[in-house]
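Written out below as structure tokens is the structure these notes cover.
Both counts, for ligands and for their atoms, begin at 1 and track the order of listing.
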Amino acid sequence: VFLGPASSVVFGDYMSGTNHVLPTGGQARRQSGLSVTDFVRFSSYQELSAAAAARLAEATACLAEAEGLPAHAAAARAWLGGEAEAPEAVTRPDSDLGRALRKRPEYGELRLYEPGRRGCEIDLSDNTNLFGQAPAAARTLAEMGAAAMSRYPSVYADELKRAAAAYFGVAADCIATGCGSDDLIDSTIRAFCAPGDRVAYPDPTFSMIEPFARMNAAVPVRVRLADGFALDPDALVAAGGHISYVCRPNNPTGSLFAREAVEELAATAAGLVLIDEAYGDFCDEPLAAWAPQTDRVVVLRTLSKAFGLAGLRVGLAIGPPDLIAEIEKSRGPYKVGVAAAAAASAALREDAAWVAATAAEAAAVRERLRGELDALGLRTWPSAANFVLVAAPGADADGCARDMLAAGVGVRPFPGLAQAGDCLRVTVGPWPLMERFLAAVGELVPS
Ligand code: PMP
């Protein structure tokens with residue numbers, strides 16, 4: 001039984017399973033005993049979306065051709081690349097749907113986010129600012145009256161956009177805001193990818209890009225980083241992403257991809273280039289101000305890291321106004337609350353010097369920490385962010401993270417990381433915290 005405009009005999013034959021009696025090669029003469037299945041009447045239902053038909057078209061056509069059925073092959077290929085418009089969907093009365101609740105098929109592979117954070121004395125697992133929080137944001141929250149709570153915030157956080165525009169030196173219509181930069185990754189994929197489109201990204205990188213692609217029915221495509229965790233723009237372009245995602249500095253490696261490599265990517269990629277600068281305040285050459293001068297680059301920033309405001313959930317997208325407008329359409333209204341918008345605006349206006357000072361302090365601690373880890377015989381990788389990637393003692397990331405948690409120190413394990421093997425990612429913070437970390441990790445180094 002074929003349901004809906006995209007479901008058809010050709011997909012039924014080659015994908016759902018046959019409804020014909022196939023030749024049995026003479027088997028039927030020897031083995032024709034009855035079984036219970038002979039007394040059961042089965043009905044198969046097939047229901048394809050237009051996007052699913054497009055995905056299955058080539059494989060289906062290949063099977064049809066192998067059977068010498070060119071018309072079947074042509075029927076399948078008619079769905080390729082969305083060339084064939086889906087016919088008007090036939091509306092079926094509710095009773096035809098049955099009672100089985102349908103879930104999105106892509107969601108079968110999705111799991112709830114588990115950052116691995118456990119309550120512990122010293123949490124070095126999430127790259128937040130362990131030196132404190134932007135002081136103007138704290139003042140604004142302390143002074144905020146209860147009356148502010150009862151009204152909706154600005155629909156698209158206009159004041160926050162103006163403060164961010166001044167901070168980055170761009171026009172306010174080059175900025176979109178969101179409930180953390182996660183929200184803007186999600187909105188950007190939704191705005192620029194139709195179901196079945198590709199999101200290409202280097203591996204290893206920020207673990208959330210893959211689930212965000214899947215949540216939006218896009219296809220995640222991983223591309224290996226070149227040696228030394230360097231960006232290979234040609235390889236990324238070859239992956240044909242409707243979006244190419246690049247995290248710079250990269251989480252969890254800490255590497256800062258060369259600006260020229262990102263520029264080459266922007267010059268040659270067919271789709272949108274999304275540069276995640278969650279750790280951009282820690283590096284020397286952020287690209288936020290450059291994005292609006294391009295025709296396809298959007299840079300994401302967050303106030304969760306260097307600004308020390310992760311609990312407020314404020315993210316920013318910076319890019320050409322026509323692209324920013326599309327992101328806002330898919331993001332939806334009222335995503336930044338009154339308190340978050342006011343505190344973040346104050347921080348962007350008044351706390352640039354505080355952010356720069358804590359970023360410099362983090363960089364100094366980071367290099368000192370790498371020196372100490374080196375002395376313990378543990379390999380680290382150069383980092384331009386507020387964390388360090390370190391080879392797990394005994395090459396057992398999960399075991400090390402568990403043992404360190406028992407000692408009151410939380411770190412993020414990365415088992416089997418491409419190019420690096422089992423690693424731990426450690427957030428940089430005031431030196432006494434680093435000493436606790438060094439003591440805990442030192443216990444695990446085989447003597
Ligand atoms: N991008 C990267 C690279 C991150 O590491 C994180 C936080 N772990 C995010 C985005 C999300 O940050 P936010 O709190 O702004 O949603």
For [atom], closest protein heavy-atom neighbour:
atom                    : value
atom 1 (N) of ligand 1  : Asp276 OD2, 2.6 Å
atom 8 (N) of ligand 1  : Lys305 NZ, 3.1 Å
atom 9 (C) of ligand 1  : Phe206 CZ, 3.5 Å
atom 16 (O) of ligand 1 : Arg313 NH2, 2.8 Å

Hey, is [X] one of the residues with a heavy atom under 4.0 angstrom from ligand 1?
X      : result
Asn127 : no
Met208 : no
Gly315 : no

Hey, which atoms in ligand 1 end up nearer than 4.0 Å to a heavy atom of [X]?
X      : value
Cys247 : 3 (C)
Asp182 : 9 (C), 11 (C), 16 (O)
Thr302 : 13 (P), 14 (O), 15 (O)
Ala278 : 1 (N), 2 (C), 3 (C), 4 (C)
Ser304 : 13 (P), 14 (O), 15 (O)

Taking all non-hydrogen atoms of both residues, which atom of Arg313 and which atom of Ser304 are closest, and how far apart?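 Residues Arg313 and Ser304, closest heavy atoms: NH1-OG, 3.5 Å.
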Which atom pair, heavy atoms only, marks the closest approach of Leu303 to Ala344? CD2-CB, 3.7 Å
Over 60° means perpendicular and under 30° means parallel, so tell me whether Phe387 and Tyr279 are parallel, tilted or perpendicular.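 Geometry flag for Tyr279 against Phe387: perpendicular rings.
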Which residues pass the ring-ring contact (aromatic ring centres under 6.0 Å, His included) test with Phe257, not counting sequence neighbours?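 Counting only residues at least two positions away or on another chain, Phe257 forms no ring-ring contact (aromatic ring centres under 6.0 Å, His included).
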NZ/NE/NH1/NH2 to OD/OE distance under 4.0 Å, [X] and [Y]:
X      : Y      : value
Lys335 : Asp183 : yes
Glu159 : Arg162 : no
Glu372 : Arg368 : no
Arg248 : Glu285 : yes

Just heavy atoms, cut-off under 4.0 Å: does Ser181 contact ligand 1 by side chain, backbone, both, or neither?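 Answer for Ser181: both.
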Can you list everything that forms a side-chain hydrogen bond (donor to acceptor under 3.5 Å, both in side chains) with Arg55? Sequence neighbours excluded, please.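 side-chain hydrogen bond (donor to acceptor under 3.5 Å, both in side chains) check on Arg55 returns nothing, list empty.
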Would you say Asp126 and ligand 1 have an N/O pair spaced under 3.5 Å apart?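 No; the residue has no nitrogen or oxygen that sits under 3.5 Å from a nitrogen or oxygen of the ligand.
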